[in-house]
Protein chains: 2
Amino acid sequence: MKFSDRKKRILTAIIENYIESAEPVGSKTISRTSGLGLSSATIRNEMAELTAMGYLEQPHTSAGRVPSPKGYRLYVNELMRKYKLSLEEMQAINYSLSQKAHQLDMLMGNIGRLASQLTNYPALALAAPTPATIQRFDLIYIDSNTFIIVALLSNNTVKNKLIHLPFSVEQGMVQKLSTLFNVNLTGITEDKITNILIDTLERASGDTMGLVSVIAGFAIEVLHKSQAGEAVIAGAPNLLRLPEFRDPEKAHRVMSYLSDINHLLELSELKNENRISDNVKVYIGPENIAEELQDSSVVLAGYNAGDNMQGLIGVVGPTRMDYSRVAAKLSYIAEGLSLLLASGEAPRGFDKLMIKGDDIDE
Amino acid sequence: MKFSDRKKRILTAIIENYIESAEPVGSKTISRTSGLGLSSATIRNEMAELTAMGYLEQPHTSAGRVPSPKGYRLYVNELMRKYKLSLEEMQAINYSLSQKAHQLDMLMGNIGRLASQLTNYPALALAAPTPATIQRFDLIYIDSNTFIIVALLSNNTVKNKLIHLPFSVEQGMVQKLSTLFNVNLTGITEDKITNILIDTLERASGDTMGLVSVIAGFAIEVLHKSQAGEAVIAGAPNLLRLPEFRDPEKAHRVMSYLSDINHLLELSELKNENRISDNVKVYIGPENIAEELQDSSVVLAGYNAGDNMQGLIGVVGPTRMDYSRVAAKLSYIAEGLSLLLASGEAPRGFDKLMIKGDDIDE
DNA sequence: AATTAGCACTCAAAGGTTGAGAGTGCCAAC
DNA sequence: GTTGGCACTCTCAACCTTTGAGTGCTAATT
């Protein structure tokens, strides 16, 4: 029972038909549409063998065939031909990207929404954690009860916090603290900021009112968050359009799973062997570790978020997914994002500068 | 056909039964459970009248009765008795609030999630737009190619942006610009920052490299965003647990509606006449303007987000909602939030300070 | 030896029928 | 005014039947 070229053609035809119709595919349909010029009886024989080999499954004896995860895997790895984005599609994506870029808010949430809109699946956007250190502190004295802490991190982001005090503090003190923190708290990781260190600083600065610990607390928080990674999901309702999620139970299971940020972050830790091209990875049904995704598929594309931050966009859908189209789109979006966010080159004039700064909102 | 006290008792019983069971309620059930000591026949007569008066509806002749929106409205306004939160519930809410407060990130998203978790409905968090002006600019010089813009807004938030330049600039220039912007761009609204003004500043500063427009662009963006209002939805999958959203069509319609931020923002503009207590508003079915919410209900509670910013939390659910419980919980959460976020008083020690500063992440 | 026409067989899905049960409305009696 | 009783209505679930798409196998054809 060897894997003839003809079998591959037939398998491909079945999968592509099923992707469109969501209905088990029968021999007659393939005979008619595959263009192989074979009768349904012949197809039937081949289908029986493909089933025996594990590439197809049969919901019940008198139904057509449905691709198995193994079948999809072969299809994704070998069979499917690259979907060429149409000019319109590329323009649509370019347009969306430029819009967002123009609005200057290339945040996770927007990236997710973008991916979802462009693929019509629930989409997710992930940013790998980028453990950072504080490179530089600035305390801006506003008035005797107020100052702003500004911290420039090693990952090229800026964090700030407005501090209102229930007591007065002199400008000189703020200055002093600023220097102190720049000397002692820059370049170190979160776990190095111990209570002992804080005590020492408190004594060194002569601070008796807890100012040091407020600022240190801010530092800890900022560093802590930098290690967290970010994730959002967008377009979840798209799931409900799909026949495989007609069952509210199932839809609920998957949506609940996806609405937990920790679960999303797990996706970024998926193993790499499922790479189907430079930057696209595909996880089919049981290849997902998560129980809840056992009969769903995930397609991920990596992009470069600038400042050597690694980002991921992806979609979640039924195993019956238009892998080719989705992979092509995600890949194109990811590349576009990389370009837009690249540190060095500015696509057009100052736009670049603007995108680069972050932390503008929420 | 007057609206006797007995009718009210019966209506109440029907509604409360229906809220629990989600099934049309029959005369026999009420006769048994209402404790009125009336036979089913009597109840039947009363029910017929309540139906004629428009407070009840009958899915079909031989089914029990279901409350109409008018019925719910009466219930919410007059009939329902205040749900008293149990000690456990209050503790649970307090705990969740203090957790969040401790993590210092009382952002929209977290507030929404909190409300959803505590009510088991999809929840939303809204912040009314707070048009702001910039009170103060600071430019922090990092190196000859880099500086940070920090802006303190009149609504007591701080925004920043890191600017990388493709050319060099002297520290003196940065200083000069800082002064210039503080003099000319503080205290004014977005529309006042015209190209003419930018030109003038450019000439005044001797800037030939577009620095002025970069900073002005930042100012415009910041001011623009401050007028936008924020909204998030959380816990949307909760919808799918409810029998009234068993139909994926319907679930999809509502979820899609809710996942558009603009639709959420519209909710904050709902009229006020539906207030049922100090800070809780209820919109029942057709009282919602949105087509998609015609048979859903919305409960909103306002909270004070500090710095005279107005916030809203709310839930969306079927008209058959446990209004009493939901209203009580939302109200309690909203009060807790107000307290936590109140500018003046610090619940305990420095925690307050920490919460106050914003802009820490995303 | 590979292909195909033909045929008997299988099974899910759709449609129809029936009976049970919950509920109503109305009337006559209390 | 309230209630027991009864005829009536309508949904729902269970069951049956039919239909049709699809299969696997065999025998004939190329």
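Reminder, nothing fancy here: chain letters follow the sequence lines and each chain counts from 1. Here the structure is a predicted model, which means the values were calculated and not measured.
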Q.
Please verify the inter-ring angle class for B:Tyr18 with B:Tyr72; under 30° counts as parallel, over 60° as perpendicular, anything in between as tilted.
A. tilted
Q. Does a sphere of radius 6.0 Å around CZ in B:Arg325 hold more than 12 heavy atoms from other residues, nucleotides or ligands, not counting ones at 6.0 Å or beyond?
A. yes
Q | Positions of residues 14-35 of chain A (non-hydrogen atom under 4.0 Å from DNA chain D), listed by number | A | A:Gly26, A:Ser27
Q: Can you check each nucleotide of nucleotides 2-14 of chain C against protein heavy atoms at under 4.0 Å and return B for base, S for sugar-phosphate only, - for none, in 5' to 3' order?
A: -SBBB---BBS--
Q. Just by distance, do the side chain of A:Ser68 and the backbone of A:Gly54 share a donor-acceptor pair under 3.5 Å?
A. yes
Q | B:Tyr55 and B:Phe3 aromatic ring geometry - parallel, tilted or perpendicular at 30°/60° bounds | A | tilted
Q: Would you indicate, yes or no, if C:dT24 has its OP1 or OP2 atom less than 4.0 angstrom from a side-chain nitrogen or oxygen of B:Arg65?
A: yes
(Q) Using a strict threshold of under 4.0 Å (side-chain N to carboxylate O), is an ion pair present between A:Glu57 and A:Arg65? (A) no
Q: Give the rounded distance in Å between these two atoms: CD1 of B:Ile10 and C1' of D:dG1.
A: 13 Å
Q) Does the A:Glu20 side chain pair with the main chain of A:Glu16, one donor and one acceptor, at a distance under 3.5 Å? A) no
Q: Can you tell me the distance, in whole Å, between the CD atom of A:Glu49 and the P atom of D:dG24?
A: 11 Å
Q) Do A:Lys250 and A:Glu244 meet the salt-bridge criterion of a basic N to acidic O distance under 4.0 Å? A) no
Q) Is B:Arg253 salt-bridged to B:Glu292, going by a charged N under 4.0 Å from an acidic O? A) no
Q | Spacing between A:Ile43 atom CD1 and D:dA21 atom C1', to the nearest angstrom | A | 17 Å
Q.
In whole Å, I'd like the distance from the CG atom of B:Leu36 to the C1' atom of D:dG1.
A. 15 Å
Q.
Measure CE/A:Met47 against C1'/D:dA21 and give the value in whole Å, please.
A. 12 Å
